[in-house]
Each structure stands twice: as C-alpha cells, then as structure tokens.
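Starting from 1, each residue takes its place in the sequence as its number. Because the structure is predicted, anything quoted here is derived from the model rather than measured.
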Amino acid sequence: ENILNFMVGNTNSSTFVRSDVLQVLQHAGLMSESSSTHPAFITTLGFQFLLMNRTFQVWYFVMQYLKTAQARELDLIDCLNLIFQLNFSTLGMDYSVRGLTQTQVQFMQHLCQFGLVYQRKKSSKRYYPTKLSINLTSGDVTQTDMPNHSSGFILLETNYRVIAYTDSKLHISTLALFCQMQYKFPNMVVGTITRESIHQALMHGITSEQILSFLCMHAHPDMLKKTPLIPATVSDQIRLWEIERDRLQFQEGVLYSDFLSASDFEKICKYAEDLGVLIWSNSGRRLVVVHPSRHDEIRQFWKRQKHS
C-alpha cells in the first residue's frame with residue numbers, strides 16, 4: 001500500500017519507501033527517473049500497473065526485482081526457493097531465519113519492504129509471511145482485493161464533477177492525478193475533470209483510455225444503472241483533449257536569419273537541402289531552419305561564403 005501511495009505522489013508515504021524499492025520501480029519503467037528539478041513521477045506503464053489486480057501487481061513487482069538479482073549479487077535460485085517456501089507457510093505463524101542462506105536473508109529484508117514478510121525489527125530472528133506472499137503462487141485471484149462494481153465509490157456527473165465516497169489516500173491521490181480536487185470530507189472527496197488537469201496527466205504519460213478505465217473500474221453501483229457507464233460528453237471530451245495535445249509535433253532545429261541578400265539566403269537553403277537537413281524556409285522573410293546535427297557544417301560553409 002505504501003508503494004502504491006508513493007507512486008501516485010502521496011508524500012506521506014515517501015518516508016516508508018527506500019531506495020531499493022525506488023530502483024525497482026524505475027527499472028520496471030513504472031516511475032520516471034528523478035532529477036534535481038523534476039522528482040520521480042508515475043509513467044504510462046505505472047498507471048496501468050495501478051489498474052492491475054493486487055496479485056498481478058505483486059508478481060510483476062517481484063519479477064522486476066528478480067531481474068536485478070544478478071546486479072545485487074544475489075543467487076536467483078535461492079530467491080525463488082524462498083518465495084515458494086513463503087507460499088506454503090501458514091498465515092499468522094512465525095518462522096525462524098535459521099537455515100536460510102545469506103542470499104535469502106538479504107532477500108528477506110527486501111521482501112519486508114515490499115510487504116510480503118513482516119519482521120518486528122531488522123535483526124529479528126523470526127519472520128511472519130503476510131497474506132500477499134502466501135497467495136502469491138496460489139493462482140486464486142479471488143483472494144485479493146480485486147476491484148468490483150459492488151464496492152465502487154466514484155460518481156461521475158455530466159458537468160465533469162467527480163464525487164468519490166472514499167477515505168483511502170491511494171484512491172484520492174490517484175484521482176488527483178487527473179482531477180482538480182476541490183473539497184475533502186471525512187468519507188468523501190469532490191473534484192472536477194478540467195482541461196488543465198487532463199493535460200497535466202497527459203504530460204506524465206497517462207492516457208485518456210487509462211483514465212476512463214480507472215473511472216469504470218471504480219464506478220459506484222448507481223452508475224451501473226446508466227448507459228453508457230461514463231457520460232458520453234465526458235468520455236468524448238477527455239479523448240478530444242488528448243487529441244488536442246497531439247495536434248502539434250515538435251522538432252528541434254537551428255534558425256538562420258538576417259541574410260543581407262536573397263542570394264545568400266538561397267545558397268544556405270540549397271546547401272542545407274543538399275545535405276538533407278532543411279526543415280523549413282521562408283523566402284519572403286529570409287528565414288531558414290535546419291536540423292542541429294549538421295549545424296556546425298552549415299555554419300562553416302556560411303563563414304566561407306561571407307569571406308569570399
């Protein structure tokens with residue numbers, strides 16, 4: 001739960017997520033790489049991860065971790081053996097770490113961070129498998145908290161207002177990724193889907209279909225009485241806002257201007273065109289845009305032309 005909260009930007013969960021977990025999230029492509037100006041943020045794949053069943057989420061996360069086992073100098077076979085041992089454990093029973101290999105002891109510490117194992121403290125000689133680890137290889141997805149419409153909490157109105165009957169920090173933070181939150185009550189939040197909030201979500205790689213899937217997945221039982229489930233005015237507008245953002249394509253280039261004569265302008269145009277790097281030109285305003293890959297070469301050519 002803390003990992004999912006961290007992914008959707010809940011700052012209260014950041015203290016519970018260690019660097020090992022963040023590395024796995026970034027290695028799996030679920031979160032972007034952080035920098036001094038931009039913190040790590042959920043990606044398109046990360047939002048799709050939120051829509052998964054909890055068992056699938058745990059399996060996916062563990063598999064991504066195991067892909068980094070060699071880099072962590074862990075024996076992959078030992079790690080898999082421990083996972084299967086946990087699956088055959090009994091919920092509520094404690095087990096001794098005696099008999100585990102050094103790799104398994106180290107892997108155990110990481111499983112504690114993932115919520116698959118509980119230890120009272122890091123140096124404890126006993127551990128408790130959690131429900132997540134016991135159900136991990138059972139193949140029974142009905143034992144997880146897979147969302148269903150009977151427990152849905154979202155009401156979506158035709159005026160783009162979202163009413164969510166929940167006090168879950170995860171649900172509220174997820175809604176805030178694409179909604180402008182307005183009111184918060186003890187068991188309910190109210191927000192509005194706006195052009196700016198959708199564009200903000202799109203900038204971070206969340207697609208319109210993922211947003212609509214989340215709204216459908218957690219729809220309140222009262223919304224099931226309506227056809228279509230999502231009001232057409234809302235679903236169409238969300239898709240239009242996504243298309244609107246994709247109307248323009250950006251391409252990096254270098255601008256040449258202030259040509260003293262039309263012949264100078266034509267020489268640069270022809271030279272750039274011969275090199276295959278001419279992006280755009282305007283003879284009336286004597287402007288030329290070229291691809292930056294050959295900028296130095298064109299600049300040297302222009303210097304030679306001016307000297308001659």
Side-chain angles (χ1 to χ4, degrees), residues 7-9 22-23 25-50 64 67 160 176-180 192-214 230 232-308:
M7 290 179 62
V8 297
L22 180 58
Q23 288 175 8
L25 292 173
Q26 292 176 338
H27 177 269
L30 303 180
M31 296 194 72
S32 62
E33 296 287 340
S34 59
S35 64
S36 57
T37 56
H38 295 90
F41 201 86
I42 191 171
T43 64
T44 305
L45 187 59
F47 197 85
Q48 192 65 38
F49 178 78
L50 291 180
Q64 294 300 320
K67 288 181 180 180
Y160 305 98
L177 293 175
F178 58 87
C179 287
Q180 182 179 336
T192 303
I193 296 176
T194 66
R195 180 174 180 267
E196 291 74 21
S197 65
I198 293 297
H199 276 199
Q200 185 71 19
L202 295 172
M203 285 176 58
H204 290 104
I206 301 172
T207 67
S208 61
E209 293 304 321
Q210 288 178 328
I211 293 172
L212 295 173
S213 295
F214 179 83
I230 302 294
T233 53
V234 178
S235 59
D236 290 347
Q237 186 60 68
I238 291 175
R239 292 188 178 100
L240 286 173
W241 281 329
E242 182 177 42
I243 295 172
E244 176 185 75
R245 184 174 178 271
D246 294 336
R247 285 186 303 177
L248 298 177
Q249 293 184 350
F250 296 91
Q251 186 174 3
E252 188 177 359
V254 178
L255 173 67
Y256 288 83
S257 60
D258 299 328
F259 292 99
L260 298 178
S261 65
S263 62
D264 290 341
F265 166 79
E266 292 171 357
K267 287 178 183 177
I268 291 295
C269 268
K270 186 176 185 309
Y271 187 71
E273 190 173 7
D274 291 342
L275 292 176
V277 294
L278 179 64
I279 296 177
W280 176 83
S281 65
N282 186 311
S283 58
R285 299 175 61 185
R286 294 180 184 175
L287 298 174
V288 180
V289 178
V290 301
H291 195 276
S293 61
R294 308 296 286 273
H295 166 56
D296 291 337
E297 189 174 342
I298 295 174
R299 185 175 57 182
Q300 293 299 325
F301 170 79
W302 176 235
K303 286 181 178 180
R304 291 196 300 269
Q305 290 297 315
K306 288 203 301 185
H307 288 311
S308 61

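In this structure, CD1 in Ile211 is found 8.0 Å from SG in Cys179, a value given to the nearest 0.5 Å. To the nearest 0.5 angstrom, Met7 atom CE is 4.5 Å from Leu30 atom CG. Annotation: the span from Leu177 atom CG to Ile198 atom CD1 amounts to 10.5 Å, rounded to 0.5 Å. A distance of 13.5 Å separates NZ of Lys270 from OG of Ser281, quoted to the nearest 0.5 Å. Atom CD of residue Gln200 and atom OG1 of residue Thr194 lie 10.0 Å apart, to the nearest 0.5 angstrom. To the nearest 0.5 Å, atom OG of residue Ser208 and atom CG of residue Asp236 are 10.5 Å apart.
For the pair Leu22 and Ala40, the tightest heavy-atom approach, listed with the atom from each and the gap, is CD1-CB, 4.3 Å. Nearest heavy-atom pair across Tyr160 and Thr233 is OH-O, 3.5 Å. Taking all atoms of both residues into account, the shortest heavy-atom contact from Leu202 to Ile206 is CD2-O, 3.1 Å. The nearest pair of heavy atoms linking Leu275 to Glu297 is CD2-OE2, 3.7 Å. Of all heavy-atom pairs between Gly205 and Gln210, the closest is O-OE1, 4.1 Å. Between Gly253 and Val289, the shortest heavy-atom contact is CA-CG1, 4.1 Å.
Residues Ser263 and Ser261 have side chains that bring a donor and an acceptor to within less than 3.5 angstrom of each other.
With contacts defined as side-chain heavy-atom distances shorter than 4.5 Å, the pair Ile42/Leu50 qualifies. The side-chain heavy atoms of Ile298 and Val254, taken from C-beta on, include no pair separated by under 4.5 Å. Using a 4.5 Å heavy-atom threshold, the side chains of Gln251 and His291 count as touching. Residues Asp264 and Tyr256 fail the side-chain proximity criterion, which asks for heavy atoms closer than 4.5 Å.
Residue-environment remark: CG (Asp274) exceeds the threshold of 12 foreign heavy atoms within 6.0 Å. The number of heavy-atom neighbours closer than 6.0 Å to CD of Gln300, taken from other residues, nucleotides and ligands shown, is above 12. Heavy-atom contacts from other residues, nucleotides or ligands closer than 6.0 Å to CG of Leu255 number more than 12.
The ring-ring contact (aromatic ring centres under 6.0 Å, His included) check on Tyr271 picks up Phe301, with sequence neighbours excluded. Listed by chain and number, the residues in a ring-ring contact (aromatic ring centres under 6.0 Å, His included) with Trp302 are Phe259 (sequence neighbours excluded).
In this structure, the side chain of Thr192 does not engage the main chain of Gln180 through any donor-acceptor pair within 3.5 Å. Listed for the Thr43 side chain is a donor-acceptor partner under 3.5 Å among the backbone atoms of Gly29.
Put simply, the residue from Arg245, Glu244, Glu242 that forms a side-chain hydrogen bond (donor to acceptor under 3.5 Å, both in side chains) with His199 is Glu244.
Aromatic ring centroids of His204 and Phe178 lie 6.0 Å or more apart.
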Could you walk me through whether His295 and Arg299 satisfy the side-chain contact (heavy atoms from CB on, under 4.5 Å) test, starting with their C-alpha distance in whole Å, then the side-chain angles of each, then the deciding distance to 0.1 Å, before giving a yes or no?
CA-CA 6 Å; His295 166 56; Arg299 185 175 57 182; 4.1 Å; yes

